[in-house]
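Sequence positions, counted from 1, serve as the residue numbers for this chain.
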Amino acid sequence: MELPELDSETIDRVLEMAWEDRTTFESIELQFGLSEPQVIALMRREMKASSFRMWRERVTGRSTKHATRRDFIAGRFKSQNQKG
């Protein structure tokens with residue numbers, strides 16, 4: 001998987017957003033231009049194998065990680081650093 005060149009601060013922010021339950025992959029793509037498969041590849045590259053497996057189990061099939069599958073429009077909190 002081809003990943004764009006990202007600085008360490010951006011990587012940390014993407015990892016943080018991907019780990020949050022209510023932050024959608026679409027929000028990450030809007031802010032950083034990374035598709036869901038690219039986020040998954042980044043998580044796999046940056047995390048320990050056991051942590052990555054735990055994260056994948058949590059997000060697989062989780063409706064809150066996909067904007068089209070959510071049953072609510074907005075969550076309770078939106079960071080000032082987050083676009084959209």
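- Every residue two or more places apart in sequence or in another chain was checked for a side chain to side chain donor-acceptor pair (under 3.5 Å) with E29, and none qualifies.
- Note that CD of E5 and OG1 of T10 are 10.5 Å apart. Values are rounded to the nearest 0.5 Å.
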Derivation and outcome, side chain to side chain contact (heavy atoms under 4.5 Å, CB included), residues E9 and R13
CA-CA 6 Å; E9 185 177 315; R13 183 64 185 133; 5.9 Å; no

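- Residues satisfying the salt bridge (Lys or Arg N to Asp or Glu O under 4.0 Å) test with E46, not counting sequence neighbours, are none.
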Review item, side-chain donor-acceptor pairs of residues 38-45, under 3.5 Å, at least two apart:
| unit_1 | atom_1 | unit_2 | atom_2 | d |
| --- | --- | --- | --- | --- |
| Q38 | OE1 | S35 | N | 2.9 |
| Q38 | OE1 | S35 | OG | 3.4 |
| Q38 | NE2 | E2 | O | 3.1 |

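- At least one side-chain heavy atom of Q31 sits under 4.5 Å from a side-chain heavy atom of M17.
- For residues 49-60, the pairs satisfying side-chain hydrogen bond (donor to acceptor under 3.5 Å, both in side chains) are D21-R58, with sequence neighbours left out.
- In this structure the side chain of L30 never reaches within 4.5 angstrom of the side chain of T24, judged on heavy atoms.
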